[in-house]
Amino acid sequence: MATSETNGNPTAPVPPEAGRSGFPARSMVGAGGGAQGGVGAGARRRKPIFRIGARIGNATFVAIAVAVFVLLGLVWWAATASGWVKPIFLPSPVAVWTQLVKLAGDGTLWADAKISIYRIMVGFLIASAMAIPIGVLIGCFRIWEAAIEPLVDFVRYMPVVAFVPLTILWAGTADTQKFLIIWIGTFFQQVLMVMDNVKRVPPDFIGLGRTLGLPERKILTRIVVRSALPGIWDTLRISLGWAWTWLVLAELVAATSGLGYRITVSQRYFQTNTIIGYILLLGLLGLITDQVMKALERVLFGYARRGR
Amino acid sequence: MKLVVENVSRVFPGVRGGEPVRALEPTNLQVATNDFISVVGPSGCGKSTLLRIIAGLDRPSAGRVLLDGKPVAGPGPDRGVVFQSYTLFPWLTVADNIAFGLREKGLPERQRREIVASYIDKVGLRGFENHWPKQLSGGMQQRTAVARALANNPEVLLLDEPFGALDNQTRGLMQELLLGIWEREQKTVIFVTHDIEEAIFIGSRVLVMSARPGRIKTDMPVELAHPRHYTVKTSPAFSALKARLTDELRDEAVHAANEH
Ligand SMILES: Nc1ncnc2c1ncn2[C@@H]1O[C@H](COP(=O)(O)OP(=O)(O)O)[C@@H](O)[C@H]1O
Ligand SMILES: [Mg+2]
């Protein structure tokens, strides 16, 4: 059957592409539309910054973010330099910086950070390694969901802080106790979030796998888990943030090393500059891990990102 | 007969003590080899239910489906499906999406590449092999989905409103594309749509389904010569068919609207 050549023509059709790129243009017109016609139209046609969802440039974004940090730093500096707050409550930025440099110089800071990072890595990896398979399982099979989900939901609402004395009874003040607290704080949340990630896999993906003749086991690994992976990664990123909190909590209460331990000791000697320096350091470490995870997400799951 | 639907019905249990939904009344249907059947009906009349039962993705409450004389027990690669929703795997390129089923079947790389390349050509996606689905327009995504289904060489191709989300122009081009492939390759196809014009243009037989309880109301052959050019849509014969089916469907739509 020799049929029309019109059919197989590749790229020629596809108006949606044009429609897509036309969308932002159209909304721009809509935004400026109200200002048309008057004498001062040109002047009134400013960029509508406070239109919901309005875009700003990357440079502007970074500039604003940096400005907020600088501004807060200045307020802090002014409050201390003017003598308005006593250094024992809030030392100046310079004092905090000097103290951090000193602690870095004699190696204390690095040793503290190293042991804390080690603890969070081990605790978080154990929790994640357990939560991902269990979350996938209860996301896929109602029987497992019935067995595990209500239990996890129950435990999840028990305050982690209340487990601290118990974990010390069980595991002393060794690293195991820190792992345990991190585990209790993250595992149960992770399970539920991974379950949710898995449940969001489009049912038609699974139906498609079946019509292609894939056995259930392969549908689970090749389609369900693969499809949920970006979501699971996001779950890990978010729960890693919480893990930092639980780590420091564990170290504050019972430890002989680590960032949290240093903060407790410093309180005893009224070294407010160390306390504040370490709190800022913890914020920085959290920010860095988060940004690293986000960067990896872009590399690993770039295919799924909206826009190009 | 390639495919036989025998007294197939489907009742969904009522939600929260509500009335059970009779989605499909006992339905009979015989599809000859290489026939192209379009199924048209108002939304909610059981088109997807029928298609999913044929695909094996849903179980009939009664009755059975026979493919080549053998009862269908579940989904399988002998019945390829194209869904209305975009079901390309976002983590695979266009070529890898089309190759997915072949790869899982364990086909050697070289054969796989040949098959994929031939279907890339057939659906007009040459040059887009290495694109991610998110980089494609809706029409291109559905073309890839059609290629993926065809690449596995199913006995029967089932399409559930595959062009339903596309704009009119793209939809017209997609109809021509699919029809062209069918005219050249021959395949047994069941094509579900809610668009009368689409049903007539693309099908050799149009089934009209009625709403609640869903059943096949009319079974009408479309005697328009192949190969069909899109200009056939403005021919008197086409218009006459369209008028008749519009009438039938209008009754159904009114009926369905009154029930809601
Ligand atoms: N899984 C289900 N559970 C309960 N009711 C369903 C289910 N699937 C479909 N239905 C009902 O069956 C009827 C037919 O649905 P469907 O086959 O999807 O219609 P169509 O595809 O023609 O729009 C509808 O009333 C719908 O609400
Ligand atoms: Mg449907």
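Quick note on labels: first sequence line is chain A, next is B, and so on, each numbered from 1. These numbers were taken from a predicted model, which means no experiment stands behind them.
For chain B, the nearby parts of A/Ile223 are the backbone and the side chain; heavy atoms of each come within less than 4.5 Å. Neither the backbone nor the side chain of B/Arg171 comes within less than 4.5 Å of any heavy atom in chain A. Using a 4.5 Å cut-off between heavy atoms, B/Leu102 makes no contact with chain A at all.
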Derivation of the side chain to side chain donor-acceptor pair (under 3.5 Å) call for B/Asp58 and B/Thr49: CA-CA 7 Å; B/Asp58 195 5; B/Thr49 304; 5.5 Å; no

Side chain to side chain donor-acceptor pair (under 3.5 Å) between B/Thr170 and B/Asp167: does it pass, once the steps are laid out? CA-CA 6 Å; B/Thr170 312; B/Asp167 64 87; 2.8 Å; yes

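Counted by atom type alone, A/Gln189 and A/Ser239 present zero donor-acceptor pairs between their side chains at under 3.5 Å. In summary, the side chains of B/Thr93 and B/Asn130 do not present any donor paired with an acceptor at a separation below 3.5 Å, with no hydrogens or angles considered. For the residue pair B/Asn97 / B/Thr144, no side-chain donor-acceptor distance below 3.5 Å is found, with atom types taken as modelled.
The ring-ring contact (aromatic ring centres under 6.0 Å, His included) with B/Trp182 is formed by just one residue from the set B/Phe201, B/Phe36, B/Phe191; it is B/Phe36.
With chain A as the partner, the residue from B/Arg52, B/Glu185, B/Lys105, B/Arg148 showing the most heavy-atom pairs under 4.5 Å is B/Arg148. Between chain A and the residues B/Gly76, B/Gly101, B/Gly56, the largest count of heavy-atom pairs under 4.5 Å involves B/Gly76. With chain A as partner, the option from B/Asp78, B/Val81, B/Leu92 having the largest number of non-hydrogen pairs under 4.5 angstrom is B/Val81.
Within residues 209-216 of chain A, the residues that have a heavy atom under 4.5 Å from a heavy atom of chain B are A/Arg210, A/Thr211, A/Leu212, A/Gly213, A/Leu214, listed by number.
A cation-pi arrangement is present between B/Lys122 and B/Tyr119 under the rule of less than 6.0 angstrom and at most 45 degrees off the ring axis. Stacking of B/Lys233 on the aromatic ring of B/Phe238 is not recorded, the 6.0 Å distance cut-off and the 45° axial limit not both being met.
The aromatic rings of A/Tyr303 and B/Trp91 sit perpendicular to each other, their planes meeting at more than 60°, with 30° as the lower class boundary.
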